[in-house]
Visitor: 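Here it is: the structure, laid out below.
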Amino acid sequence: MNARILHVSDLHAGRHESPEVEQALAAFVAERQPGLVIASGDLTHRGRRDQMERTHAFLASLGPPVLAVPGNHDIPAISPKRFLAPWAEFERVWGTCEPVHSGPELHVVGLNSVRPYRHQSGGLGGGRLHGAVARLREAPDGALRVVVLHHQLMAAPWRAARKRPLAQRGRVLRALADAGANLILSGHIHQSSVGERREFEVLGEGDRGVVLATAPGFGQPRPNRLGEARGLHLIGHDAETVEVETFLWSGGAFRLDATRRFSRAS
Ligand SMILES: [Fe+2]
Ligand SMILES: [Fe+2]
């Protein structure tokens, strides 16, 4: 693989932070040298300024460029600001809730799937999906087209009752695939799940496959909660292949648990 992306999610800065896990990530990045770090939301636990600045400083300190999108924990919890200026702190620190990283090999479109009027569930209403499709179509020929959003389009089923997939998931998935998305990255559920659209949908002629990867949690804001995993994804890609490696935090280190390889041909 000639290019690598580090994908982390759900750092939840401000709640049960683990310096040893952060130090291990810094060493991991130094060793593996990804060209881009992607953080798919819930960077903070309460969306507070100090939490946002802290997680920004940590991710920036890793070295590679960082692309981040907000999660449902990155807006004020109980405050008029939740509805009047929900994105103010995120945008102050990160510049935008919908970043784009584009180069000859990689075109990454970040989306804001958070809905301030809902505590948990996400959606892409209000023109967000339309904008995403337009930005995906601006990709250079041959570049891997990646979409990043907090709320999952595919996940392990045992958390589905509490943390449902993105609203209108089927319609969104179809629209993103039609726009040429090769890879969709999410978090939110704190469990790893990696698969391809063809593995759960029979596709018709002209329909496109797309790889979906939901990252485990990087943080563990409620250490005693069952049914959550801690780790990260490392994604390699070249002209033919997308490869997702799942590393889980175990025994004081990130250990490789699985490697899944997909053909880019669709
Ligand atoms: Fe989270
Ligand atoms: Fe979340």
Side-chain angles (χ1 to χ4, degrees), residues 6-18 21-22 25 37-48 50-52 54-56 58-59 66-79 82-83 86-87 89-91 93-94 97-99 110-125 128 147-169 172 184-194 212-233 246-249:
L6 173 72
H7 177 202
V8 293
S9 196
D10 299 85
L11 288 82
H12 286 267
R15 174 102 180 171
H16 286 290
E17 293 175 13
S18 307
V21 183
E22 296 187 1
L25 183 65
V37 173
I38 290 177
S40 56
D42 284 1
L43 310 182
T44 69
H45 198 63
R46 290 288 177 227
R48 285 179 9 205
D50 60 321
Q51 296 173 346
M52 200 69 76
R54 177 157 146 44
T55 197
H56 178 270
F58 167 60
L59 289 170
V66 181
L67 182 143
V69 298
N72 54 303
H73 277 266
D74 294 320
I75 59 177
I78 306 168
S79 142
R82 181 178 178 92
F83 305 106
W87 325 115
E89 287 303 327
F90 191 93
E91 289 179 340
V93 170
W94 291 98
C97 292
E98 299 199 319
L111 299 182
N112 180 2
S113 59
V114 177
R115 301 190 288 188
Y117 287 89
R118 308 276 184 129
H119 174 54
Q120 285 281 1
S121 75
L124 292 180
R128 289 174 179 176
V147 175
V148 183
L149 73 172
H150 181 62
H151 292 86
Q152 80 278 12
L153 280 78
M154 185 187 77
W158 45 91
R159 291 293 300 278
R162 247 190 112 248
K163 297 198 173 191
R164 290 177 302 169
L166 188 80
Q168 301 197 40
R169 171 202 160 281
V172 171
I184 300 174
L185 304 180
S186 303
H188 183 52
I189 205 156
H190 297 217
Q191 292 179 331
S192 174
S193 190
V194 184
L212 300 105
T214 306
F218 183 79
Q220 206 173 11
R222 299 174 183 87
N224 296 322
R225 180 182 274 177
L226 299 174
E228 292 192 354
R230 183 167 217 179
L232 55 87
H233 283 161
T246 302
F247 289 83
L248 298 176
W249 181 252

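On a predicted model such as this, the values are computed, not experimentally measured, just so you know. In each ligand, atom 1 is the first atom listed, and ligand 1 is the first ligand listed.
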Visitor: Find the distance between SG (Cys97) and NE2 (His150) and round it off to the nearest 0.5 Å.
Guide: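 It comes to 13.0 Å.
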
Visitor: Relative to the Fe ion (ligand 2), which of the N, O or S atoms in His150 is the closest?
Guide: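 For His150, the N/O/S atom sitting closest to the Fe ion (ligand 2) is NE2.
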
Visitor: Once the angle between the rings of His12 and His45 is folded into 0 to 90°, is it parallel (under 30°), tilted (30 to 60°) or perpendicular (over 60°)?
Guide: tilted

Visitor: Mind reading off the angle at the Fe ion (ligand 1) between the NE2 atom of His12 and the OD2 atom of Asp42, rounded to 10°?
Guide: 90°

Visitor: Nearest 10° is fine: what angle sits at the Fe ion (ligand 2) between OD1 from Asn72 and ND1 from His188?
Guide: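 It comes to 90°.
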
Visitor: For the Fe ion (ligand 1), decide whether His190 has an N, O or S atom at a distance under 2.8 Å.
Guide: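 Yes, His190 qualifies, because one of its backbone or side-chain N, O or S atoms lies under 2.8 Å.
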
Visitor: Taking Ser121 as the fixed residue, which of His188, His151, Arg115 is the one that meets the side-chain hydrogen bond (donor to acceptor under 3.5 Å, both in side chains) rule?
Guide: Arg115

Visitor: Can you tell me if Thr246 and His233 form a side-chain donor-acceptor pair at under 3.5 Å?
Guide: yes

Visitor: In Å and rounded to the nearest 0.5 Å, what is the CG to CD1 distance from Asp42 to Ile189?
Guide: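 The CG atom of Asp42 sits 12.0 Å away from the CD1 atom of Ile189.
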
Visitor: Return the name of the atom in Asp10, of element N, O or S, nearest to the Fe ion (ligand 1).
Guide: OD2

